[in-house]
Structure formats: structure tokens, C-alpha cells
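Keep in mind that what you see is a predicted model, and the values were worked out from it rather than measured.
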Amino acid sequence: MAWGAWCTAAALLVLLLAAAGGDGVHCLEHGSGSRRALRQRTHRLRSRAVGGATVLELRHHSFSPVPSKTREEELDGILSSDAARVSSLQRRIENYRLIRSSPEAAAAASMAQVPVTSGAKLRTLNYVATIGLGGGEATVIVDTASELTWVQCKPCASCHYQEDPLFDPTSSPSYAAVPCNSSSCDALQVATGMSACGGADQPQCSYTLSYRDGSYSHGVLAHDKLSLAGEAVDGFVFGCGTSNQGAPFGGTSGLMGLGRSQLSLVSQTMDQFGGVFSYCLPLKDSGSSGSLVLGDDSSVYRNSTPIVYASMVSDPAQGPFYFLNLTGITVGGEPVESSGFSSSAGKVIIDSGTVITSLVPSIYDAVRAEFMDQLAEYPPAPGYQILDTCFNMTGLSEVQVPSLKLVFDGGVEVEVDSSGVLFFVTSDSSQVCLAMAALKSEYDTSIIGNYQQKNLRVIFDTSGSQVGFAQETCDYI
């Protein structure tokens, strides 16, 4: 067997155990879950303008109002939340297809979901940045699959806990609600497939975003001055939420929508940043920062390999998602053989909010078989939640981790960081799993999660309709 590129991980296991504070969990949401921990992580995240780009500091974010009693409870929460997000994304993809197919189908989709499903269980949307809004600051979760930026606002009839002060519209002279007879309100309806106005008695444009776990945000569409490292964006349209609930929002002020829609931050800052943004997601247990770069000035990157670009899939029914064609995967240098690569099953979403990569069964089964073959020297271990390919590596001082490469259209190869291949469930390494999961159906859409995007510079160029990748040790640049 040709083992290809392998990384010897004697030091890796030691590093993982040390980085996780002795709990042996590799790149999981880490922290006490206390409000004090949140305050340390989310407040005063840095930003600056440099060259032709604006750079925002990114931090991994974990929060629960009730700290987990055990690490197993924490892992259960993380993986069950991730499964809920994946399920919700599949549902949203199908709804966008219906909404774009015909008015009748759109009406049926709207009636099937009141309020419209436009998001997922946010507990796994676990990277945050700080923005300026109307003279104040807001720490928001960064999400490439969301159409709209929203924050909690006064007066709040029902709000989840947050560390930052609530946004107060009355304190901002540049704040104004968006009326129903406006292009922004029309854009919201196009993005969600539902009417945002209830008639003459409702002059303001409203929004309602519901999530699969029962969390929600409801309020009015508004506009105000957005500040990104001193770069002002006047008339920025966002959701001003006066009724918001759900522990998964995790003490933040709200959500930054970076999806492909007319109301996303990407589209609204087209004049300033040209429809280009990128991020580098740090190792979650390393305590380091990452960066969200707005603009196409690549001189601010610290990539160690050349940037390679894959073309986005052009699909008018794609909604806010970033689709690429996955044409192959190699494990330890061995190409994985699957019929899914040559069919529509090869279409994948690049997502910042999903943790574990989920693949259609035909592709996942082939990847799983290759990993089982190459790691046959290690005894099998029971599966854990959505992870079903696990090994017992107890007592080993050295573990060889097969390299993992994703291949996209045009032969573009992206090597996954070694920390994104295996998921260490137990502190004694008795349960170490392949950090990938199978979807339920071939008709589902595969998702490349953030666990496999760590220490990569991922560039979303909406103007050029392409996504770029390069190796980079993530830090606030």
C-alpha cells in the first residue's frame, strides 16, 4: 500500500493533551462555559485597517448558561448541535429550490414553515468578531450561511443573555426603521420567500428568523451606521431584534450574515470591499486568535503556500450558500474511489458554522473504508454520536495520521491540517474517531465544516465566483 504523505504525531498527542488543559479533547469547544470565560473571550476583540483591507480579530467562542457537568455532556451537546445544524441546512437548501422554482411552490414552502426557517442551531456557530454599530459595539457570531446580520435591541420584550450592552436605537441619530415599501424589505422577502409586511397597519418591515432547536430572533428591519475598523458603512441594513431566545446564541449580541444574499454584509459592503472576504480559523484549544479580512488585499495574509482557487457552482437556487464541486479525496496519498464524485452528489457547501464535515453516503463510505484500511493496526472502538469510525489508541506514544486532501474542480487540492483529521473523544485516547460523518441520503448536500478548515486561509470572492485556499498558521494578523 502506498501510504503517501503521513505526519508522525508523537508530539501531536502530547500537544493536544496540553492544549486541551489535560482533558485530551482535540480541537473541541473548550472553556468553563461560564460568563466570566465569555467576557474574557468576546470583549475588546481587535480590528484595524491595513493596506486595502479591514482586519477583524476572530476568536473561537463557547458558552453555556449552565456549565456541563462532564466532558461527555459537553461533547454530546457539541455533536448533537452540529447534527441539528446539518439537518437544518439540508432543509433550507431544499426550501430555496422550492422558493425559486415557482410562486406556488414558494407559497407552499412558506405555509409549511411559520416563521420561516432561516438558520440553524447556533451553538456550533462558534467564531466571533466585534463590529461597531450606531456608535456602540456588538460581538457577533460569524456565519457564512446566513443572509442577514442581526443584533438584540432595546426595548427587548424577551432577550437571551449577552455580555455587551443592548443596542439602543434611541441613542443613535443615524438609526431608522426600514419601511415596507422599500427595496430592502423586498430583498428580505426574496431571501426568505416570505412576506415581511402584514398590511397597512404595519408600516415597518419586520423579520422573523427561527432555528431548528426552537431558538428565534424577531424584530424590525432597520439601517444604521456600521463601523469596521474605522471603515464606515452608512445605511447598513440589519435586523433589530426585540424578541430573541435561545441559549445557543451564547451570550453574544447576535449574528453576522456573510452569505450570498442582497442583505448580507458581503453584498452591502461591495463598494468598500469588492465582495471579497476571507478568514483563518485558529485551533480551538490553542488560545490563539484568527482573522476575518474584508477586501482583496492578499498582502495582509500570512499564507505559507500559494493560494489556489476553485470555481463556485453557479446555481440560481443556491440561496446564501457557497457551493463547490468536490471531485476527489485522497487519504494518505491514496485516491478514494466513489461514484459520488462524478455526480451531483459531489456538490459541497463551505461553511463556517458547521463543525464536522458531513458527506453523502457514497463518498463517506469510500473515505471510511480507506481510513479503516490505513489504520487497521489500531483496534476498533465504539462509535460516538455522529462519528462511527473510531479507534482505540490507548497507551501509544506515537500515532501516524494519514494525510487528508480535498480535491475540487480543476484539480485544486486542499490539504486538511493534521489537527482536523481525527477527533479525540477520550483523554486516554481509547476513543479516537475520524472527524467526518455520513449524511442520511445521496440527495443531501455535503458540507465542509470548520473542523477541517483550521489553519487555512479561506477566501470567498463573490465577484470572481471563486473560493481560494492556502495553508496559514492562524493568528490575528
Side-chain angles (χ1 to χ4, degrees), residues 42-45 47-49 54 56 118-119 128-143 146-160 162-192 196-197 202-209 216-244 249 252-259 261-273 275 277 292 294-295 320:
T42 61
H43 276 197
R44 295 182 295 276
L45 294 182
S47 64
R48 73 179 190 276
T54 292
L56 306 182
S118 183
V128 294
T130 297
I131 60 174
L133 186 63
E137 288 190 339
T139 298
V140 290
I141 299 166
V142 173
D143 185 19
S146 288
E147 307 94 325
L148 180 70
T149 296
W150 64 265
V151 299
Q152 297 196 118
C153 292
K154 289 183 177 180
C156 208
S158 176
C159 276
H160 65 263
Q162 71 172 58
E163 283 288 338
D164 295 321
L166 287 172
F167 176 77
D168 185 356
T170 63
S171 67
S172 175
S174 52
Y175 173 90
V178 171
C180 278
N181 58 343
S182 65
S183 58
S184 295
C185 195
D186 292 341
L188 178 65
Q189 181 170 343
V190 169
T192 63
C197 292
Q202 184 182 326
Q204 297 177 338
C205 185
S206 66
Y207 78 95
T208 300
L209 305 177
Y216 60 87
S217 175
H218 173 75
V220 298
L221 204 63
H223 57 77
D224 206 336
K225 181 179 179 180
L226 175 72
S227 179
L228 301 166
E231 180 78 33
V233 181
D234 293 324
F236 179 74
V237 178
F238 67 102
C240 191
T242 53
S243 181
N244 320 279
F249 296 126
T252 63
S253 301
L255 186 71
M256 179 193 292
L258 290 174
S261 71
Q262 190 174 337
L263 292 181
S264 75
L265 186 145
V266 183
S267 297
Q268 291 192 64
T269 59
M270 183 68 71
D271 290 343
Q272 290 85 356
F273 305 120
F277 72 95
L292 172 66
L294 302 169

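- Between the OG atom in S183 and the CG atom in L263 there is a gap of 8.5 Å [rounded to 0.5 Å].
- Scanning for side-chain contact (heavy atoms from CB on, under 4.5 Å) contacts around D168 gives K154, T170, S171, with sequence neighbours left out.
- Checking each of V128, V151, L255 against V140 for a side chain to side chain contact (heavy atoms under 4.5 Å, CB included) leaves exactly one that passes, namely V151.
- With E137 contributing its side chain and D164 its backbone, the two residues share no donor-acceptor pair below 3.5 Å.
- Rounding to the nearest 0.5 angstrom, the gap separating the CG atom in L148 from the CG atom in D143 is 11.5 Å.
- The minimum heavy-atom distance linking S217 with Y207 is given by the pair OG-OH, 2.7 Å.
- When all heavy atoms are compared, the tightest approach of G241 to N244 is O-ND2, 3.0 Å.
- In this structure, the separation between CG on L166 and SG on C153 is 8.0 Å, given to the nearest 0.5 Å.
- Using a 4.5 Å heavy-atom cutoff, the side chains of M256 and L292 are in contact.
- Taking the side-chain contact (heavy atoms from CB on, under 4.5 Å) definition, one finds that S267 meets it with S264, sequence neighbours left out.
- In this structure, C185 and C205 have their SG atoms less than 2.5 Å from one another.
- Within the 4.5 Å cutoff, the side chain of S47 has no heavy atoms near those of the T130 side chain.
- T139 and T252 share no side-chain donor-acceptor pair at under 3.5 Å.
- Tested against L221 for a side chain to side chain contact (heavy atoms under 4.5 Å, CB included), the candidates S184, S206, P179 yield a single pass: S184.
- With values rounded to the nearest 0.5 angstrom, L188 atom CG is found 10.0 Å from C180 atom SG.
- Every residue meeting the side-chain contact (heavy atoms from CB on, under 4.5 Å) condition with A222, not counting sequence neighbours, appears here in chain and number order: Y175, F238, C240.
- Residues in residues 218-230 take part in these side-chain hydrogen bond (donor to acceptor under 3.5 Å, both in side chains) pairs, two or more places apart or across chains: S172-D224, S174-D224, T208-H218.
- Inter-residue side-chain proximity for I131 and L228 is flagged as met; some heavy-atom pair is nearer than 4.5 Å.
- Take E231 and apply the side-chain contact (heavy atoms from CB on, under 4.5 Å) test, not counting sequence neighbours, and it matches T54, Q272, F273.
- When all heavy atoms are compared, the tightest approach of G257 to T149 is N-OG1, 3.0 Å.
- The minimum heavy-atom distance between F167 and L133, with the atom names listed, is CE1-O, 3.5 Å.
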